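Notes follow once the structure below has been shown.
If you're wondering where the values come from, they're calculated on a predicted model, not measured in any experiment.
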Amino acid sequence: MCGRTACSLGADLLRRACAYRDRRGRRRQPEWVREERYRPSYNKGPQSSGPVLLSRKHLQQDADSSERVLMDMRWGLVPSWFKEDDPSKMQFKTSNCRSDTMLSKFSYKGPLLKGKRCVVLADGFYEWQQCSGGKQPYFIYFPQTKDDLAEGEDGEDGDEEWKGSRLLTMAGIFDCWEPPAGGEALYTYTIITVDASKDLSFIHHRMPAILDGEEAIRKWLDFAEVPTQEAVKLIQPTENIVFHPVSTFVNSVRNDTPECLAPIELGAKKEVKATASSKVMLGWLKNSQEASPKKKENELPRWTSQFIPSPSPKKSSAERRMFVGRLRRVLLRFSKPLRS
């Protein structure tokens, strides 16, 4: 299953990370739709909103179906046929959609056959392993190595190709619900899940259907060129995944800082067990924060001391001499005998 994700990139960086080549081979960046609604997060749960890729043709009928747009949608699919005036009144959960029933359950079959396929974007997702002492969370993501990073080339807009970490790309289905009494349409999505791969099965028996590579993403999104029956063949487990244990700090969705996905060593809360892949991930997150527009100090996420120690400020030599002088005067004062 997939019950929590992280997507920490700012809107501009996320757009760069989603660069692709259109049908003519031109390098493009997807345009944002309602960019102002997007909020990065290290701990995103169902009913919150998140970034997805979809074909522009869903929003503009005369558009090329290979063109992509970025949109912020709510996690938890609300079918277009839902008749209540409040989506929260739904009696069933739709944050995840099982691959083996997606073509039989009415909530998913309708939008899927209409080509409403999307790619859910994330740094990675969290999963909890049932242990004797409770549940141990893990952060799961694509392998991050220097070899995966782009060499860098200029696109038509002059921007260099993305050199950051590889985003996790999960197959999803979306729909558009309109309030019966009128009002703004609500776009929502669900993440398709499959049986867990061999390496992940010890954590949980289900995992998101991950689209591994540009060709898989292209086929899933281009609904006008790739029919449903061909697209669903892409929905299968992948072994190209890595993971590390994280602190139970992530258990509360109110905790939304990089500490959520920081690796820990099981049995030693303060020690980091960082693989080469997780080091690249953490380094990328740190650099992406520095490249993002500056926020007020109290709005910036904090790394825990186990990653970036915060030493106490050093005193100057003049300050030290003043301190020593004051200390001597105090000691001399109290060493004098008291007068009767």
Side-chain angles (χ1 to χ4, degrees), residues 1-3 5 7 14 17-23 25 28 30 50-58 63-71 73 75 77 94-125 127 140-143 148 166-175 187-201 204-243:
M1 62 178 295
C2 182
T5 66
C7 192
L14 187 66
C18 293
Y20 68 102
R21 295 194 180 276
D22 64 14
R23 209 182 304 280
R28 306 278 296 271
V52 304
L53 282 172
L54 65 155
S55 169
R56 182 190 290 276
K57 196 172 181 65
H58 288 297
D64 188 322
S65 59
S66 70
E67 293 183 22
R68 305 172 188 177
V69 295
L70 268 168
M71 182 183 284
M73 295 188 186
W75 185 5
L77 189 140
T94 56
S95 56
N96 289 166
C97 161
R98 291 181 61 96
S99 60
D100 52 340
T101 58
M102 63 184 178
L103 282 171
S104 59
K105 288 195 173 181
F106 193 50
S107 299
Y108 309 126
K109 179 180 179 180
L112 187 57
L113 293 179
K114 292 178 182 177
K116 293 183 178 180
R117 310 192 296 252
C118 64
V119 174
V120 183
L121 302 168
D123 303 333
F125 70 98
E127 191 55 84
I140 305 165
Y141 49 99
F142 271 139
D148 291 332
R166 184 184 178 191
L167 289 172
L168 194 69
T169 43
M170 299 173 282
I173 303 170
F174 76 93
D175 209 346
Y187 283 85
T188 58
Y189 69 89
T190 184
I191 295 175
I192 300 174
T193 65
V194 294
D195 290 334
S197 61
K198 182 179 178 181
D199 288 344
L200 286 185
S201 59
H204 198 276
H205 66 282
R206 303 289 293 177
M207 68 179 292
I210 296 170
L211 300 168
D212 189 0
E214 173 57 28
E215 183 65 9
I217 294 172
R218 182 193 67 79
K219 288 183 176 180
W220 185 251
L221 292 179
D222 197 346
F223 69 99
E225 292 292 325
V226 182
T228 303
Q229 293 302 326
E230 183 178 344
V232 296
K233 295 177 183 177
L234 299 166
I235 305 304
Q236 53 188 314
T238 179
E239 297 288 348
N240 186 30
I241 210 77
V242 292
F243 51 86

ask   = Passes side chain to side chain contact (heavy atoms under 4.5 Å, CB included), Leu113 versus Leu103? Steps please.
value = CA-CA 8 Å; Leu113 293 179; Leu103 282 171; 4.1 Å; yes
inquiry  = Determine whether Glu239 and Asp199 satisfy the following criterion, side chain to side chain contact (heavy atoms under 4.5 Å, CB included), listing intermediate values before the conclusion.
reply    = CA-CA 7 Å; Glu239 297 288 348; Asp199 288 344; 3.7 Å; yes
request  = Evaluate the criterion side chain to side chain contact (heavy atoms under 4.5 Å, CB included) for residue pair Met102 and Ile235; output intermediate values, then yes/no.
outcome  = CA-CA 11 Å; Met102 63 184 178; Ile235 305 304; 4.1 Å; yes
inquiry  = side chain to side chain contact (heavy atoms under 4.5 Å, CB included) for Ile140 and Val242? Distances and angles first, verdict last.
reply    = CA-CA 6 Å; Ile140 305 165; Val242 292; over 6 Å; no
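In this structure, the side chain of Ser201 does not engage the main chain of Ala196 through any donor-acceptor pair within 3.5 Å. Side chain of Thr193 to main chain of Met207: no donor-acceptor pair is present (N/O by atom type, distance under 3.5 Å, no hydrogens or angles). Here the side chain of Thr190 pairs no donor or acceptor atom with the backbone of Leu77 at under 3.5 angstrom. Counting only distance, with no hydrogens or angles, the side chain of Tyr20 and the backbone of Arg68 share a donor-acceptor pair below 3.5 Å.
Note on ring orientation: taking the six-membered ring where Trp is involved, the planes of Trp75 and Tyr189 are parallel (angle under 30°, cut-offs 30° and 60°).
Between Phe125 and Pro208, the shortest heavy-atom distance links the atoms CZ-CD, 3.3 Å. Contact detail for Pro30 and Cys18: the closest heavy-atom pair is CD-O, 3.4 Å. Between Gly124 and Leu168, the closest heavy-atom pair is CA-CD2, 3.9 Å. Minimum interatomic distance between Asn240 and Phe142 (heavy atoms only, all atoms of both residues): O-CD2, 3.4 Å. Residues Arg206 and His204 come closest through the heavy atom pair N-ND1, 3.0 Å. Closest approach of Val232 and Gln229 over heavy atoms only: CG2-O, 3.3 Å.
With values rounded to the nearest 0.5 angstrom, Asn96 atom CG is found 10.5 Å from Ile192 atom CD1. Taking NZ from Lys219 and CD1 from Ile217, the interatomic distance works out to 13.0 Å, rounded to the nearest 0.5 Å. Between atom OG of residue Ser107 and atom CG of residue Leu112 there is a gap of 12.5 Å, rounded to the nearest 0.5 Å. Note that CD of Glu127 and NE2 of His205 are 9.0 Å apart. Values are rounded to the nearest 0.5 Å. Ser99 OG to Asp195 CG: the interatomic distance, rounded to the nearest 0.5 Å, is 7.0 Å. Here the straight-line distance linking atom NZ of Lys116 with atom CZ of Phe223 works out to 10.0 Å at 0.5 Å rounding.
Here the side chains of Thr5 and Leu121 are not in contact, with every heavy-atom distance at 4.5 Å or above. Residues Leu167 and Asp123 are in side-chain contact: their nearest non-hydrogen atoms beyond the backbone lie under 4.5 Å apart. At a threshold of 4.5 Å between non-hydrogen side-chain atoms, the residues Val69 and Leu53 do not count as touching. Looking only at side-chain heavy atoms (C-beta outward), Arg117 and Val226 come within less than 4.5 Å of each other.
Under the 3.5 Å distance criterion, with hydrogens and angles disregarded, a donor-acceptor pair is assigned to the side chains of Ser66 and Asp64.
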